[in-house]
J.: 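Have a look at this one before I ask anything.
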6 protein chains.
Amino acid sequence: MTRHLFLEAAGVKAIPGRPALLGMPLDVTSTYRRGSADAPSAIRVSSDSIESYSPFLDRDLLDAPFADLGDVFVESSSLEETLAAIREMTALVMTASAFPLCLGGEHTIALPVVEALNEVHPDLIVVHADAHTDLREHYEGNPINHATVMRRIAEIVGPDRLIQLGIRSGTKEEFAWMRRHATILQWGPAAERDLLRRIGDRPVYLSFDLDVLDPVCFPGTGNPEPGGWFYADVERLLFALDRVHLVAADVVELNPRVDPSEVSTITAARIVRELLLILGNRP
Amino acid sequence: MTRHLFLEAAGVKAIPGRPALLGMPLDVTSTYRRGSADAPSAIRVSSDSIESYSPFLDRDLLDAPFADLGDVFVESSSLEETLAAIREMTALVMTASAFPLCLGGEHTIALPVVEALNEVHPDLIVVHADAHTDLREHYEGNPINHATVMRRIAEIVGPDRLIQLGIRSGTKEEFAWMRRHATILQWGPAAERDLLRRIGDRPVYLSFDLDVLDPVCFPGTGNPEPGGWFYADVERLLFALDRVHLVAADVVELNPRVDPSEVSTITAARIVRELLLILGNRP
Amino acid sequence: MTRHLFLEAAGVKAIPGRPALLGMPLDVTSTYRRGSADAPSAIRVSSDSIESYSPFLDRDLLDAPFADLGDVFVESSSLEETLAAIREMTALVMTASAFPLCLGGEHTIALPVVEALNEVHPDLIVVHADAHTDLREHYEGNPINHATVMRRIAEIVGPDRLIQLGIRSGTKEEFAWMRRHATILQWGPAAERDLLRRIGDRPVYLSFDLDVLDPVCFPGTGNPEPGGWFYADVERLLFALDRVHLVAADVVELNPRVDPSEVSTITAARIVRELLLILGNRP
Amino acid sequence: MTRHLFLEAAGVKAIPGRPALLGMPLDVTSTYRRGSADAPSAIRVSSDSIESYSPFLDRDLLDAPFADLGDVFVESSSLEETLAAIREMTALVMTASAFPLCLGGEHTIALPVVEALNEVHPDLIVVHADAHTDLREHYEGNPINHATVMRRIAEIVGPDRLIQLGIRSGTKEEFAWMRRHATILQWGPAAERDLLRRIGDRPVYLSFDLDVLDPVCFPGTGNPEPGGWFYADVERLLFALDRVHLVAADVVELNPRVDPSEVSTITAARIVRELLLILGNRP
Amino acid sequence: MTRHLFLEAAGVKAIPGRPALLGMPLDVTSTYRRGSADAPSAIRVSSDSIESYSPFLDRDLLDAPFADLGDVFVESSSLEETLAAIREMTALVMTASAFPLCLGGEHTIALPVVEALNEVHPDLIVVHADAHTDLREHYEGNPINHATVMRRIAEIVGPDRLIQLGIRSGTKEEFAWMRRHATILQWGPAAERDLLRRIGDRPVYLSFDLDVLDPVCFPGTGNPEPGGWFYADVERLLFALDRVHLVAADVVELNPRVDPSEVSTITAARIVRELLLILGNRP
Amino acid sequence: MTRHLFLEAAGVKAIPGRPALLGMPLDVTSTYRRGSADAPSAIRVSSDSIESYSPFLDRDLLDAPFADLGDVFVESSSLEETLAAIREMTALVMTASAFPLCLGGEHTIALPVVEALNEVHPDLIVVHADAHTDLREHYEGNPINHATVMRRIAEIVGPDRLIQLGIRSGTKEEFAWMRRHATILQWGPAAERDLLRRIGDRPVYLSFDLDVLDPVCFPGTGNPEPGGWFYADVERLLFALDRVHLVAADVVELNPRVDPSEVSTITAARIVRELLLILGNRP
């Protein structure tokens, strides 16, 4: 009987100095097409149809031990309790000196993860790749959801420790906020340099909303926005992150239900493989 | 109860100096996959899932009044009568000093629109973005349909007032005609300059067949042609048009039935938003 | 009654000095989504929705005679017999001084084709465009299948007569083999020059696995790999091949079942049209 | 007897609504290689070796009347008096409803020009193209010279009305100032759009230090800095300026003595021709 | 004693099927800086400081026999006689089945060369690379000189057999003529394709005015025009010409006197080496 | 009295963990224009006309201590003794845990430097940027000179530890050697990635022959070769080197005599400043 690549390659206990996969199938605040709760298991299953070797990084997952800690339990009746569980789980992984790689679920999961990280890394840089600003003060009356998550995170780390990439949709107020705080970084051909200069030697958290990709590349998401990234843009980001002190990451907002071709899920699995190899390459 | 963005933002009466949306759900001459008659309503519904603010133009639809005049009645038994109705409606809008933004329907609707415009603007430039030449002398025995519409328009304005962009499919004779009349303009990185030079100070009509986009970006159309535009190419065109005297536009050939992912419809709605903001920016 | 363009334009007997279409609906070794056996007939049917004229090459299929010899019979119970039939058929076409254009089916069909070609052209260059290395020593215990086919071909022509383009997935060992034998050629903006320099005056076989295209452009294939070619990359390859002594080609791994939009099949039909025009342009 | 193109084409009295050339041969604060005082006459002489027609703008200087008002008198013993003379002369030209095009001389001349312009255009945008920041608080004990001129100008118009392009040399403090006030705009392929967005409908003054060009293109200047612009970058700027409300410009820091090949002077003359055609194209 | 590479490698008698160097030190119609008469000998001397091997073409001059027939005698008192001598000499070389490579001298020499070629190749395509149009009807009262030479050539071969590249300076009338006859071809990244498509199978004459290069790359010429080609643009042209039926070429308007650094002369020598290797590669 | 920036900023004794400038004014094997012996002092003098702050690296030389150890004594009568002195001096600097930055002089000086480095770093990678192969077996009868230096170095470290960039001139045999040993790396837009992948974690020596730059950018060198690098290419290399374990570097073959404009010397001084900041940034 064949099991999936990620499961086969992974251990079930966090390994010091190595990445740890954590599923976070939260999907309660979405306003449009639901389905991101299915993402962690879909990514794990799809890992079978990709190779363990990454020609891009020239490393093999089979040579790079990591743990798969399964999914955080989502208490559907209480967002608050679920966020607390995620925060606690993230803290535990870090106590074990492992690097959390969180599979959403909706983007909201990034908030408790950053809360936990910020305790340990008070100079943490948050790199946020997304089509949407996610910077609203409130959204439909609530302060905590996928449309406000980066605003809440900015309140924790400060706008000067937030770097936003790929943003192309939001309200006039959100864009004004981004310009005032200069959080946006244009993702052109030499942008890696600017990113690395801004990061310097500080620890980095990557919050990767898959809808930063063009719907052309990645139809499997709830709020498609034309004019986005192609896979080559992701590769340039991954390459830059391989040169900094990346301490944790999330990959969120895959909705496997709306892309029956499975290309979106395979793409997500491949990005997860690259991040496992990058997180596992710290000396 | 929520209504769609375009309807909520729009008035129902043409406003002098402002754009006016006009649905034209004509779909009678199509030879391949039918469905473009559903486009006007699909675009209006999809306007809900996009923001009113355009970061690209840095303007907000909520600050830019426009009218939505509903759909022109399509008399399915008589193409001639429908074209006359479109011509008349377009003329009325112009009499009100408003700028028509016509939602197809098939490309044939551009003919009566140009007839009406040409009365008022005898030096009108027609900018035609399309995958196909649409320049046949006749098609399946008929002189007026989606495959001949630009030939008919060229007879009205003259080939020297026609600029064609994105064309990549047609007969040998059609391509020979385009070369002879030099109507084609290569859409490369600095092509905006050539376009603006050719237009000068003259009034412009944009006839935008959505299949100019690569099927990759825009599967929701009847005759997909590989090798087409990406959204960045559309943005360069929009940016150039924001610098000329645009007096009217059409957006045609969306077939919402063949793209169940809705990405095509969302892309069309976004292009319509940008054109509303451009038409509404005339001083 | 309308028949498809390729059938209408084609003769049923190989014409000396002209291309001959050969369907090879083999689909027995695939490990993942089956369906490539349907490709030859799907491509022929889809040829109806494309023009006979290629603006890219400025030539018309109606002026360029070719033959369509139908499909090689696939003996499903015996891979060996089917491969022998393909080898024989290819040899026959060459005896008639015609240029075989083989429509897969799975990639395995390239092996007997190259065996036949190599008899006649002992200095044959094999240009291999693919997302995958296809260079395994064995795959699931078998020496001959879609994952080993290029290794077998390399054993026939030698690694120095193999040029690989677009490869982005494989095992560590396969990539090490490619680096050791320097078979890979980076497909950047000026890569045509390197390709033409490497080929020189020698006869060329193109083995074109359609999954070299990004899944974005070409979802209709069994093993989609993000980060691939766009249609413009194909055009640069076609343009280069129009300048060398191309003696045969295959187009393989279309799976029409997994792309209901038909865009993949139309793209494949268009590539076949261009190759017919290129093979038919030898002086 | 032949006279130079600029002189032949020009009238000697400011023409309402047309550009007026003004030489400003100031060269007293330069610290390194002197010679910019010779620039106005060198540019006039070199105008002979260029055509009156600009293919880039598709306009001819012979169809675009302008004035050449000769040189402002430079009182070498008193910088203060010379600056006052420049300020007064600029004001006079504007009183005549003409558009000043000032030929330096050293960059310091931009200060009195902006002082005069700012009286008339209180929302003036200053576009500053230069290799150097020119933003020191003091330089060698003096508050007014070529190294402080933009700091003084920023004090007049405010940093939010200053846009800086091409800057690649300065002190740590100057770069920190530019980042804090976000005056810098990266000059990449789509930067015209950002520039036009920032300018909006406001009147523009261009202060063009020729050393923004790479020393490769333009060796004839006092402080060459590698890594600069090529002529194509200048063309993109000129094209953008042709679309805004340009009310005046300067072209400074040509030192004809250090480029015996005359290429620098010819390049300067050509930029002046383009600016005359742009300033003369206001409706 | 060392002799120069070109002389050492060359024979002194035209070899059938091989290139033949012909110096044409004409410099009588120049209006600005004289000196192009020195070019043939300067290029020969400079050939010493370049290698005989071209990595770009992967061929070695030592393996590619050619002749150096010395210089055509220039009768300075009679332009007419000199042009007749050039015409005759060119005809003689072609009678010997050799390929003339003509070293100017001023551009005027191209006229008698084309006259001779056109006798033998009535479908000759003239590819003209230059900064200047060279299309005046008359220049300073004379019908034959460096400013009219392409107009005269167009009268011989017809405008439809003239392709112009790199042009960026001329009168309004000359540019109008080029647009009317569509002789210009934009030299962008994929322009080789357009060039090869336009040429097809017809024989080609290259008339290469070195001032098509940016003065940055090539200061050693009489009329420098900013905004020109870099060496990479030349390489793309050479690469395209290596794929067509090139029957002759000229390289004109080097003025070694105005570039004491010798970079211009070395660049010219290198272009001559590449053209010798291309002309010598015809099968 | 002003002294030059490098001297003012530098100490005269090697500082552990910091760079140490070493002049190596050797110029005995040059075959063409002599003058590189003047380079070390010319670079030091020119350091006055550049800023101490690098916007590219966002670091200031005044915050980054380094030593300037003056020039190695060149015994002109004996190449062997001079090379021994260089080897010894380099070894001494490394004994002091400092990072040597060697200013040529001719390229030959790289040989003793690598000999000394290789003792301490047995896995040293040599990154060689140059227009020329420098790979001859012998040159004019001698085994050790500027044309053979990289062949000798390859014999020490092995071809698999040599990476060559920018090479565009050499003999057929040298290019064959480079292809056989795959030492060349194409320096395109994403080449930094390939470079960093090849280097991995190993210590790096940069041998930077300034003629890798296009003669356009850098006329001040003995053997100008068209078609070279622009300053942006250097920046991409510097940026990559800032991410590896750089242990030493040389900057060679400036000939200040042949570029009276001083642009070459200023460019060299700026590259030296960047390398001082990179070598001084090791944690």
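The sequence lines fix the lettering, A, B, ..., with proteins before strands; numbering per chain opens at 1.
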J.: I need the residue from B/D214, B/V216, B/D63, B/I271 with the largest number of non-hydrogen atom pairs under 4.5 Å to chain A.
T.: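 That would be B/V216.
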J.: Between A/P224 and B/I266, which heavy-atom pair has the shortest distance, and what is it?
T.: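 Reported closest heavy-atom pair: CG-CD1, 3.7 Å.
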J.: Using the test side-chain contact (heavy atoms from CB on, under 4.5 Å), find all partners of B/V45 that sit at least two apart in sequence or belong to another chain.
T.: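 In terms of side-chain contact (heavy atoms from CB on, under 4.5 Å), with neighbours along the sequence ignored, B/V45 is linked to no residue.
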J.: Quick test of your reading: applying salt bridge (charged side-chain N to carboxylate O under 4.0 Å, His left out), list the pairs with at least one residue in residues 219-232 of chain B, sequence neighbours left out, ordered by first then second residue.
T.: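 For residues 219-232 of chain B: B/E225-C/R270.
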J.: How about A/E137: does its CD atom have over 12 heavy atoms from other parts shown lying under 6.0 Å from it?
T.: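 Yes, CD of A/E137 has more than 12 neighbouring heavy atoms, counting only those of other groups under 6.0 Å.
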J.: If you look at every heavy atom in A/P226 and B/Y231, which pair is closest and at what distance?
T.: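 Result for this residue pair: CB-CD1, 4.0 Å.
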J.: With rounding to the nearest 0.5 Å, note down the distance linking OG in B/S49 to CG in A/N223.
T.: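 Spacing of OG (B/S49) from CG (A/N223) equals 7.5 Å.
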J.: Counting heavy-atom pairs under 4.5 Å to chain B, which of A/P215, A/G170, A/G227, A/S169 comes out on top?
T.: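 Looking at each of A/P215, A/G170, A/G227, A/S169 in turn, A/G170 comes out on top.
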J.: Give me the contact list for residues 171-180 of chain A versus chain B, heavy atoms only, anything under 4.5 Å, ordered by residue number.
T.: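 Residues in range: A/T171, A/K172, A/F175, A/R179.
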J.: Heavy-atom distances under 4.5 Å only: say whether B/F218 touches chain A with side chain, backbone, both or neither.
T.: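 Looking at B/F218, nothing touches chain A.
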J.: Suppose we screen for side chain to side chain donor-acceptor pair (under 3.5 Å). Which residues come up paired with A/R44, at least two apart in sequence or across chains?
T.: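 Once residues adjacent in sequence are excluded, the partners of A/R44 under the side chain to side chain donor-acceptor pair (under 3.5 Å) criterion are A/D68, A/D71.
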